[in-house]
Enquirer: 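Pasting in a structure now, in structure tokens, and then I'll have a few things to ask.
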Amino acid sequence: MRREYGIFYRIDWVMVILYLVLVLFGWLNIYAAVYDELQPSIFAISQRYGKQLIWIGAALVIAIVTLAIDPKFFSQFAWLIYSGLILLLILVIFIGRDISGARSWLHIGSIAIQPAEFAKMATALVVAKYLSKIDLNLVKKKPWLKAAALIFFPALLILLQRDTGSALVFLAFLLVFYRFGMSGLVMLALLALPVIGILALLINKFILIGILFIGAVTYYILTLKKTRQLLIVLAVFAVSVGYVFSVDYAVNNILKPHQRQRINVLIGKTSDLQGAGYNVNQSLIAIGSGQILGKGYLHGTQTKYNFVPEQSTDFIFCTVGEEWGFLGSLVLIGLYISLFTRIVIIAERQRAKFSKVYGYSVAAILFTHFAINIGMTLGLMPVIGIPLPFLSYGGSSLWAFTILLFIFIRQDSYRYELV
Amino acid sequence: MEKHYLNRKLIILGLFVLIGFIFVIRLFYIQVVAEKYILSATNNVLRYITQYPGRGLIYDRKGKLLVFNEAAYDMMVIPMQVNAMDTAEFCRLLEIRIEDFRDRLNKAQRYSSLKPTVFESQINRENFGALQEKMFMFNGFFVQPRTLRKYTYPIAAHMLGYVGEANPSVIAGDPYYKSSDYIGISGIEKSYEKELRGRKGMKIRVVDVHNRDMGSFQKGQYDTISVAGKDLWSSIDADLQLLGEQLMQNKKGSIVAIEPSSGEVLCLVSSPAYDPNLLVGRIRNHNFSTLSEDSINIPLFNRALMATYPPGSTFKTANALVGLQEGVVTANTRYGCPGGFALGNGHVVGCHEHSGPLDLIESIQYSCNTYYCKLFKSILEKDGFYATDEDFNKWRNHILSFGLGKRLGLDLPSELSGNIPSSAYYDKYYGKNRWRSLTVISLAIGQGEILVTPVQLANMTAVIANRGYYIIPHVIKGLGKPNSVKSTYMQKHYCSVDPNYFDVVVEGMEQVVLGGTATNARLDSIPICAKTGTAQNPHGDNHSIFIAFAPKENPRIAISVIVENAGWGSSWAAPIASLMIEQYMNGVVKREELKERMMNGNLIRK
């Protein structure tokens with residue numbers, strides 16, 4: 001019987017190997033990004049690659065520890081972990097240190113951690129815990145609003161730390177909610193928001209409202225003109241109109257000039273290669289100059305000579321693009337998609353709903369990071385500073401992602417025992 | 001309940017794949033299809049630093065340094081890297097206005113925000129010193145070492161020429177030149193540009209985002225070394241040139257001296273002149289416009305090569321030689337002079353008071369107009385009264401063989417050809433066979449349509465000094481090493497007059513100084529042969545002209561002096577030529593009083 005084998009045989013090695021490959025590939029690229037011909041020692045602790053090596057070592061220990069913990073521990077202590085992290089998030093608002101505009105770091109001795117990174121894992125646990133309650137009627141709206149509150153609360157606290165990127169990641173849970181029965185209209189609305197928002201900035205507001213009106217009328221006619229539908233359609237239309245005006249107002253009156261500039265650059269309204277567009281332009285130059293085969297490991301010039309900002313953290317993908325080229329990037333994207341797919345497949349085979357919801361949460365969080373981060377380096381997304389899972393430099397994010405993933409691997413290894 | 005949502009698993013997986021697919025398409029576009037990123041990457045990282053070689057130095061014939069280089073600095077800017085900085089301080093150091101700063105930065109930005117552009121050129125060493133300490137404050141700016149021309153003596157500006165930035169048409173026509181490169185624009189700097197400029201080198205450096213030098217590109221295997229320009233040895237005698245310019249100050253005109261045996265130009269004075277140091281560096285543009293706007297003195301105009309004058313009586317020497325060659329006169333031919341030569345239509349070519357009848361030597365000594373009208377008439381009527389055309393062309397060809405009426409081919413740009421009219425010209429003017437010797441009689445005494453440049457006149461003198469040949473005058477006698485003259489400037493060009501006929505003319509020219517029209521040019525120690533000229537000038541007073549060579553045997557200097565609107569040849573041009581000969585032959589001028597008088601003469605009307 002399978003259950004009699006040890007943990008070594010029961011964990012999903014596909015996920016573990018994908019994890020290890022990504023982490024090591026990440027380290028190679030951090031080394032390349034900070035590589036300095038004058039100081040070529042690989043293990044120089046003072047350099048980022050030296051530190052990252054220590055954090056990888058620690059991450060492996062954390063992974064093993066996580067695998068050793070009783071899988072029931074995580075579902076039983078979900079609320080406690082969640083509460084603990086909420087406390088930390090509140091604490092960090094008051095005693096955290098400002099680093100590059102955000103107050104998201106907590107310093108304990110010489111170690112600095114970012115509670116926001118771990119909050120995602122805690123929220124995933126508590127969402128899984130909540131949605132796996134047996135008496136929950138997910139056809140109704142009320143449990144979804146409660147679940148939304150669970151993700152909204154930490155997201156708000158992180159927003160208060162002025163770490164918009166990390167807060168945005170909590171939208172990932174909507175994907176999880178969708179999978180477990182939330183109305184698809186929410187997802188549709190979520191998709192419509194940025195589209196209408198960008199159009200509101202790009203084209204004349206009244207033309208846009210006209211288009212929305214025609215859309216509403218068409219929808220109403222197609223849905224057999226039920227009276228109740230008419231009210232909904234009118235309400236949606238009214239909200240859309242309000243949204244169009246508020247987007248315009250917010251961008252032009254509420255946002256700070258540099259934020260407005262970023263948005264204008266992203267939607268292609270202005271090009272400001274020395275200001276807001278600088279990062280993305282340099283990122284595109286670095287990736288684009290890699291061409292098909294790349295410049296070769298340690299031969300990237302754009303990243304090596306610091307043309308790309310934040311190249312070992314948020315813009316680590318530039319090093320990949322420049323030194324490994326299109327083929328290397330293709331392989332990396334393939335690895336990520338394989339990992340996400342594997343997690344979803346494994347999640348689907350869980351018997352315990354907690355494990356299943358948690359698995360989807362892991363996939364959704366990792367995917368959101370992946371989509372925003374690489375989308376940003378490719379100029380498809382606004383510049384939102386969040387790390388690329390497993391690749392970016394940084395202890396907190398690496399450990400947080402490791403714990404996030406290995407809790408799931410642990411749950412999966414015990415799937416026959418858990419119900 | 002669960003089963004109902006199973007298709008959502010596929011939708012979620014589909015979303016993962018879709019995003020991955022979008023990324024791959026985007027990557028394919030920026031990495032494989034678009035080329036602008038690879039170009040931008042090169043521009044980001046590689047800095048092509050031109051290594052400007054030192055321009056060749058120029059020495060005079062005695063080895064005195066005339067032109068050398070001084071370090072100067074171009075302020076370069078890479079607009080993209082310019083950050084907020086203390087603009088006021090920067091402008092103060094550069095001595096520019098804040099508005100200029102913005103204009104220039106915008107201009108550079110329009111050219112390229114990534115490539116270096118010259119922001120301010122030719123900053124001298126003193127200004128650079130103050131600037132250098134503060135360069136770290138000005139991101140995006142860096143300094144490129146260049147060289148500036150410097151001149152030991154404030155002389156020979158026209159001949160040496162000047163250097164400036166290559167203009168767009170030069171850059172378009174010659175791939176060697178890039179924007180802000182220097183090129184010789186006039187004088188020796190222009191004609192010997194290829195030798196003087198050397199070869200630029202290129203260093204390719206890798207820089208980081210802060211424009212810090214990160215070392216050479218690919219271990220320097222694509223770098224090229226600059227090669228310094230060749231030094232030039234000029235045939236100019238700096239002392240002679242200096243004296244010439246001093247003597248000619250406040251006068252318009254020219255002095256050209258040639259070593260007859262070699263064709264080497266000893267001095268090339270064009271007056272009014274200017275200090276060549278005025279056309280160097282940042283002051284050049286300002287000074288250039290001041291000089292070029294001076295329409296009265298036209299100081300930039302090189303009279304020695306470009307001004308044309310009727311040679312006046314100095315031309316009688318050539319006509320005498322042609323007459324001898326054509327056999328219409330001999331040394332003993334005497335003509336009486338009734339005080340002028342009647343043209344038969346009531347007009348008379350006047351002559352001044354002298355005893356008569358004169359032989360050929362005396363005709364030169366006293367510069368008898370009548371003698372030369374008769375001589376010239378004889379030349380044109382040699383083959384009969386109606387064969388003027390052929391005889392005229394024969395005469396003209398003799399004259400051309402003295403190097404007149406065409407560009408001599410000096411190693412200097414912008415030489416003019418002067419004019420020896422052809423029979424076709426008179427045919428056109430008067431009609432075929434409608435003109436006779438008397439129609440063009442003024443040519444006999446160097447007037448009329450005939451025009452020569454000062455250098456042609458000096459060269460004609462050299463022909464007489466050499467008794468029958470000249471070597472094309474040139475100002476450079478050594479390329480890269482002293483005395484390595486081009487073969488073009490070694491070849492003898494023989495005059496069509498037989499060498500035997502020269503002695504009598506030389507004899508006459510000696511008498512000019514010993515007891516003729518220019519006794520004031522006499523030097524006790526050196527036998528000078530000369531001829532005065534007074535060129536009629538429709539625009540004002542006569543030009544004072546003088547040609548001379550010395551010593552009589554194995555001449556070492558042939559000289560032409562033209563002083564505009566100065567009257568008789570003997571009044572100004574003769575003493576000046578005499579002083580020049582004394583300076584060149586003796587290395588020193590002892591006749592201080594004469595020198596002072598000549599120097600202080602002011603013939604430019606205010």
Side-chain angles (χ1 to χ4, degrees), chain A residues 37-38 137-139 175-176 178-182 184 187 273-274 278 281-282 284-292 294-295 300-302 304-309 317 321-322 325-327 329-330 333-334 336-337 340-341 344-345 347-348 353 356 360 363-364 367 370-371 374-375 378-380, chain B residues 1-2 4-47 78-84 109 113-114 140 205-215 217-218:
Chain A
E37 278 161 352
L38 302 173
N137 184 356
L138 289 176
V139 179
L175 208 60
V176 182
Y178 171 68
R179 166 64 187 84
F180 293 101
M182 186 186 68
M187 298 305 287
L273 297 185
Q274 285 170 57
Y278 176 82
N281 187 50
Q282 291 299 336
L284 289 175
I285 288 171
I287 296 170
S289 66
Q291 300 186 296
I292 297 177
K295 292 178 186 166
T301 52
Q302 306 303 301
K304 189 157 76 179
Y305 297 125
N306 304 322
F307 285 93
V308 183
F317 185 71
E322 188 182 13
F326 177 67
L327 291 181
S329 309
L330 200 66
I333 287 169
Y336 273 112
I337 301 297
F340 306 152
T341 310
V344 165
I345 290 168
E348 287 292 343
K353 183 137 187 217
K356 190 179 272 192
Y360 264 98
F367 168 73
F370 164 84
I374 294 185
L378 294 181
L380 299 170
Chain B
M1 195 170 79
E2 284 290 323
H4 181 64
Y5 299 118
L6 260 184
N7 65 330
R8 292 193 173 182
K9 167 191 148 191
L10 296 176
I11 289 174
I12 289 169
L13 286 177
L15 180 68
F16 292 172
V17 174
L18 176 71
I19 295 293
F21 190 64
I22 289 171
F23 287 172
V24 169
I25 302 241
R26 175 72 171 164
L27 280 166
F28 186 78
Y29 171 70
I30 63 175
Q31 294 188 304
V32 183
V33 179
E35 282 177 354
K36 63 178 174 179
Y37 299 111
I38 183 88
L39 286 176
S40 301
T42 308
N43 288 339
N44 261 351
V45 169
L46 298 186
R47 217 44 96 233
I78 299 172
M80 177 138 189
Q81 296 167 354
V82 176
N83 296 338
Q109 174 88 56
S113 59
L114 280 169
R205 306 296 292 182
V206 178
V207 295
D208 74 353
V209 68
H210 303 299
N211 208 25
R212 280 185 304 223
D213 197 305
M214 303 305 286
F217 175 65
Q218 305 265 314

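So you know, we letter chains A, B, ... as the sequences are listed, proteins then strands, and number each from 1. All values reported here derive from a predicted model rather than from experimental measurement.
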Enquirer: Is there a side-chain contact between L378(A) and F23(B) in this structure, where contact means two heavy atoms from C-beta onward sitting under 4.5 Å apart?
Expert: yes

Enquirer: Using non-hydrogen atoms and a 4.5 Å limit, figure out which bit of F340(A) sits close to chain B: side chain, backbone, both or neither.
Expert: both

Enquirer: Please name the pair of heavy atoms, one in L175(A) and one in F16(B), separated by the smallest distance, quoted to 0.1 Å.
Expert: CD2-CE2, 4.2 Å

Enquirer: Are the side chain of Q31(B) and the backbone N or O of G321(A) linked by a donor-acceptor pair below 3.5 Å?
Expert: yes

Enquirer: More than 12 heavy atoms of other residues, nucleotides or ligands under 6.0 Å from CG of L18(B): yes or no?
Expert: yes

Enquirer: Could you give the distance from CD1 (I12(B)) to OG1 (T341(A)), rounded to the nearest 0.5 Å?
Expert: 11.5 Å

Enquirer: What part of A363(A) gets within 4.5 angstrom of chain B, counting heavy atoms only: side chain, backbone, both, or neither?
Expert: both

Enquirer: Counting only non-hydrogen atoms closer than 4.5 Å, does Q291(A) touch chain B with its backbone (N, CA, C, O), its side chain (CB onward), both, or neither?
Expert: both

Enquirer: Contact part of L380(A) toward chain B, heavy-atom cut-off under 4.5 Å: side chain, backbone, both or neither?
Expert: side chain

Enquirer: Select, from V17(B), V32(B), I30(B), the one with the greatest count of heavy-atom pairs under 4.5 Å involving chain A.
Expert: I30(B)

Enquirer: With L27(B), which of I287(A), L327(A), I374(A) fulfils side chain to side chain contact (heavy atoms under 4.5 Å, CB included)?
Expert: I287(A)

Enquirer: How about K9(B) and Y360(A): do any of their side-chain heavy atoms sit closer than 4.5 Å?
Expert: yes

Enquirer: As an exercise: rank A364(A), G290(A), G325(A) by heavy-atom pairs under 4.5 Å with chain B and give me the winner.
Expert: G325(A)

Enquirer: Given that the side chain runs from C-beta out, which part of F28(B) has a heavy atom under 4.5 Å from chain A: side chain, backbone, both or neither?
Expert: both

Enquirer: What part of L15(B) gets closer than 4.5 Å to chain A, counting heavy atoms only: side chain, backbone, both or neither?
Expert: both

Enquirer: Between I19(B) and A371(A), which heavy-atom pair has the shortest distance, and what is it?
Expert: CG2-CB, 4.0 Å

Enquirer: Please look at M182(A) and chain B and tell me whether the side chain, the backbone, both or neither of the residue comes under 4.5 angstrom of a heavy atom of that chain.
Expert: backbone

